[in-house]
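FYI, side chains are in, hydrogens and waters are out, and symmetry mates aren't considered; it's all heavy atoms of this structure. Nothing here was measured: the structure is a model prediction, and the numbers come from that model. Heads up: numbering here begins at 1 and tracks the sequence.
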Amino acid sequence: MHRLLLLSVGVLLFPLRLMGSDRPVGAMLDEAVSVRFPSTSAVIDVTKAPYFAKGDGKTDNTDSLQKALTDVMGAHKILYFPNGTYLISKTLLWSKKNAKGEEAWGMNWLQGENGVKTVIRLKDGVFDNPAMASSMMWCGGFGSADWFHNYVQDLTFDVGENNAGAIGLQFYSNNSGAVRNCRFLAGPGSGLVGLDFGHRDMNGPLLVSNCEVVGFQRGISTSRAVNGQTFEHITLRGQTQFGITNEGQAISIRSLFSENSVPVIQSYGSCCMLDANLKGTGAASSVPAIVNFNGGRMFLRNVSTSDYGRALGDVASPDSAAAVRIVGEDKPGSRGPNIDEYCSHEATMLSDSKPGSLRLTIKEPPATHLEKAEKWANVDDFGADPTGLSDSSIAIQKAMDSGASTVFFPGSYALSKTVFIRGKVRRMLGAGGSIDYFRKVHPDFRIVGMESDSLTIEHFSAIHGGIEIDSSRTLVFRSVSDCDLTMRDRSAGGELFLEDFVTHDLKLRNQKVWARQLNVENEGTHILNDQSDLWVLGYKTERGGTLLETRGRGNSEILGGFSYTTTAGKLGPMFVNVDSSMFTFFEEVCYNGDPFATLIEASRSNNKTEKVLRGSGTTAPYYGKR
């Protein structure tokens with residue numbers, strides 16, 4: 001076994017577009033998009049009775065929006081904001097109980113019509129004291145990690161003027177949850193933090209996707225040790241202290257664009273970042289673009305910087321200012337201006353492996369099929385029971401076979417037999433409800449047919465009987481929780497995209513898989529990759545057992561995340577590599593005294609097996625390249 005420090009010094013000028021894609025680095029918000037839903041009791045329009053919010057930019061909507069929020073807490077409904085500017089003057093609070101006094105466990109979804117045109121704006125001068133931080137919206141966090149499946153999408157949070165103590169959004173979700181297609185705006189002299197994840201412990205795992213932060217002292221703030229946050233397609237501009245601060249959390253970042261005069265990242269947790277373009281302005285020439293301090297672990301790949309004093313200041317000292325005082329080359333590759341690949345700590349590399357990450361091809365999910373809501377097939381219109389009390393199998397099958405390309409599930413549904421997803425169906429959209437809550441059927445859905453169009457399944461808090469994949473069709477699972485996938489022979493060769501996905505036992509065979517914010521909770525083998533290419537940005541697990549076994553000359557690349565080892569750490573090796581290629585930048589948090597005893601077990605076709613035991617190596621990073 002070899003332990004290796006660092007990698008290559010970057011000399012390339014990385015493009016403003018992602019490799020292999022026409023998409024630019026950073027957020028890309030489309031003003032032409034209009035998100036709408038069919039008329040249903042599951043979609044609550046804040047401008048309609050009994051709330052009558054006015055998006056005129058003049059009326060104070062604090063009371064009406066607070067009432068709407070309280071009414072929908074935990075109800076598996078969508079709180080919908082049509083385009084407009086909704087003025088508020090106090091913090092909007094999510095609550096542990098709804099208006100009926102019923103216990104809420106999360107399951108909240110706030111949806112704007114358009115991320116640029118739908119604005120919640122803070123009245124000028126109401127949060128003017130920077131010593132008394134107050135947020136425009138506080139999304140919960142009640143002392144335990146049981147606030148599940150929460151979403152804020154397609155909204156702008158504008159903290160207004162003369163609000164030096166204002167925070168845009170304090171978001172919280174566990175297991176699954178996301179902030180998508182949002183903007184956070186602060187003018188000069190206003191704004192402490194745009195997007196705050198450090199306000200409560202145990203926040204995550206969750207995803208932040210396609211978001212822009214303009215202004216504020218700190219653009220994004222994270223902290224605590226669990227449960228991890230994943231960021232993709234982020235733009236930061238005009239912060240006055242830092243773009244992102246990370247105080248101990250495990251964060252994974254891809255496609256970050258920053259234009260700032262201050263350091264883009266200050267981190268002492270675990271930070272994995274790839275495909276970033278960091279442009280310095282003004283005083284940036286006297287500071288590093290990235291600061292890693294206090295022994296924090298960091299992995300960087302394809303990072304381009306310009307007009308900063310150096311690309312990276314990496315110090316063991318708890319004094320982050322020590323990174324600013326670095327002169328010259330310091331750690332190999334840290335001066336920049338560009339970083340091809342960099343590790344802050346020694347890597348573990350077994351005797352017949354090669355250094356470096358795998359650099360698997362990264363593919364964006366296919367565009368979601370969008371059509372007017374009037375064309376959707378609402379399963380309730382076919383006789384399905386949205387309360388989940390009676391069997392809806394026949395009704396849902398009728399909706400699937402209706403010829404509609406979008407099938408909408410506005411409630412929660414019981415099944416007595418498997419429903420086939422086939423024909424023209426290209427999108428299956430829930431409102432955050434569950435399918436087969438009592439697990440009476442396995443599988444709940446079977447995907448069949450060889451259609452060339454992709455299929456997107458999104459926004460279900462649980463599909464308890466799981467989904468069987470008997471097709472090589474390209475599939476996207478987005479914001480789907482507690483759903484186990486069973487692969488049949490015809491799934492071989494298919495492409496699978498998992499975005500904000502929770503499962504328990506994932507077995508892959510001869511597939512190409514891209515995952516963003518993947519949460520696997522199980523005691524035993526979590527993921528088996530047999531002959532597949534698996535790329536993961538942000539992997540969080542719970543309980544013991546092998547977290548990933550790669551065999552059959554498969555390829556697995558884990559870019560960020562951690563094991564929250566709550567039970568059975570000695571049950572098996574953390575990672576198993578059988579004649580395959582693996583790269584991991586992955587850590588462990590364990591509070592019960594039973595962490596993983598064996599970190600890596602690797603064997604080759606020559607029957608040689610090597611093990612890395614706790615204390616003799618690391619998985620942050622581990623190179624296991626054939």
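- Formation of a donor-acceptor pair under 3.5 Å by the His369 side chain with backbone atoms of Val425 is not found in this model.
- In this structure, the side-chain contact (heavy atoms from CB on, under 4.5 Å) partners of Glu374, at least two apart in sequence or on a different chain, are Lys372.
- Glu587 and Ser270 share a donor-acceptor pair across their side chains, judged by distance under 3.5 Å alone.
- With sequence neighbours excluded, the residues satisfying side-chain contact (heavy atoms from CB on, under 4.5 Å) with Thr62 are Asp60, Ile88, Ser89, Lys90, Leu92.
- Between the side chains of Ser479 and Glu458, not a single donor N or O lies within less than 3.5 Å of an accepting N or O.
- Here Asp484 pairs with Thr503, His504 under the side-chain contact (heavy atoms from CB on, under 4.5 Å) rule; sequence neighbours left out.
- The closest donor-acceptor contact from the side chain of Thr418 to the backbone of Pro443 lies under 3.5 Å.
- Each of Tyr51, Phe81, Phe52 was scored for a ring pair (Phe, Tyr, Trp, His ring centres under 6.0 Å) with Tyr86, with one residue passing: Phe81.
- Across every non-hydrogen atom of Gly524 and Leu571, the tightest pair is N-CD2, 3.8 Å.
- If you look at Trp147 and Tyr172, their ring centroids are not closer than 6.0 Å.
- Take Thr230 and apply the side-chain contact (heavy atoms from CB on, under 4.5 Å) test, not counting sequence neighbours, and it matches Leu207, Ser252, Gln517, Leu537.
- Asn210 and Asn181 form a side-chain donor-acceptor contact under 3.5 Å, judged by distance and modelled atom types alone.
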The test is ring pair (Phe, Tyr, Trp, His ring centres under 6.0 Å); show your working for His464 and Tyr437 and say whether it passes.
CA-CA 6 Å; His464 275 155; Tyr437 185 83; 5.4 Å; yes
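- Between Glu247 and Arg224, no side-chain nitrogen of the basic residue sits less than 4.0 Å from a carboxylate oxygen of the acidic one, so the salt-bridge criterion is not met.
- Here Phe445 contributes atom CZ and Phe460 contributes atom CZ; the two are 6.0 Å apart, rounded to the nearest 0.5 Å.
- In this structure, a donor-acceptor pair under 3.5 Å is absent between the side chains of His526 and Thr541.
- Relative ring orientation between Phe501 and Phe477 is described as tilted, the plane-to-plane angle lying within the 30° to 60° band.
- Between the side chains of Arg426 and Ser405, no donor N or O sits under 3.5 Å from an acceptor N or O.
- Taking the ring pair (Phe, Tyr, Trp, His ring centres under 6.0 Å) definition, one finds that Phe216 meets it with nothing, sequence neighbours left out.
- The aromatic rings of His149 and Tyr151 stand perpendicular to each other, their planes meeting at an angle above 60°, with 30° marking the opposite boundary.
- Using a 4.5 Å heavy-atom cutoff, the side chains of Leu79 and Asn108 are not in contact.
- The side-chain heavy atoms of Phe409 and Val407, taken from C-beta on, include a pair separated by under 4.5 Å.
- In this structure a side-chain-to-backbone donor-acceptor pair under 3.5 Å is present from Asp444 to Gly465.
- Pairing each heavy atom of Thr91 with each of Ser134, the nearest pair is OG1-CB, 4.3 Å.
- Side-chain polar atoms of Thr525 and Glu549 form no donor-acceptor pair below 3.5 angstrom.
- Every residue was checked against the salt bridge (Lys or Arg N to Asp or Glu O under 4.0 Å) condition with Lys440, not counting sequence neighbours, and none meets it.
- The closest side-chain heavy-atom distance from Leu496 to Val476 is not below 4.5 Å.
- If you check the side chains of Thr406 and Glu371, you find a donor sitting under 3.5 Å from an acceptor.
- The neighbour count for Lys570 NZ, taken as heavy atoms of other residues, nucleotides or ligands under 6.0 Å away, is above 12.
- Partners of Lys48 under the salt bridge (Lys or Arg N to Asp or Glu O under 4.0 Å) rule, at least two apart in sequence or in another chain, are Asp45.
- Sorted by first and then second residue, the salt bridge (charged side-chain N to carboxylate O under 4.0 Å, His left out) pairs with a member in residues 143-160 read Arg121-Asp158; sequence neighbours excluded.
- No donor-acceptor pair closer than 3.5 Å links the side chain of Asn150 to the backbone N or O of Gly177.
- In this structure, Arg446 pairs ionically with Glu468, as a charged nitrogen and a carboxylate oxygen lie closer than 4.0 Å.
- In the model, Ser176 has no side-chain atom that pairs as donor or acceptor with a side-chain atom of Asp500 under 3.5 Å.
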Could you check Leu256 against Met273 for side chain to side chain contact (heavy atoms under 4.5 Å, CB included), going step by step and ending with a plain yes or no?
CA-CA 8 Å; Leu256 170 66; Met273 183 169 73; 3.7 Å; yes
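- The cationic atom of Lys96 (NZ for Lys, CZ for Arg) lies less than 6.0 Å from the six-membered ring centre of Trp105 and within 45° of the ring axis.
- Partners of Glu542 according to the salt bridge (Lys or Arg N to Asp or Glu O under 4.0 Å) rule, which considers only residues two or more places apart in sequence or in another chain, are Lys540.
- Under the side chain to side chain donor-acceptor pair (under 3.5 Å) criterion, Asp391 pairs with Ser393, Ser416, not counting sequence neighbours.
- Note: Tyr539 and Phe586 have tilted aromatic rings, judged against thresholds of 30 and 60 degrees for the angle between ring planes.
- Sequence neighbours left out, the pairs with a member in residues 70-87 that pass salt bridge (charged side-chain N to carboxylate O under 4.0 Å, His left out) are Lys67-Asp71.
- Under the salt bridge (Lys or Arg N to Asp or Glu O under 4.0 Å) criterion, Glu499 pairs with Arg180, Arg478, not counting sequence neighbours.
- Between Arg36 and Glu113, at least one side-chain nitrogen of the basic residue sits less than 4.0 Å from a carboxylate oxygen of the acidic one, meeting the salt-bridge criterion.
- Between His459 and Trp109, the side chains place no donor N or O within less than 3.5 Å of an acceptor N or O (distance only, hydrogens not considered).
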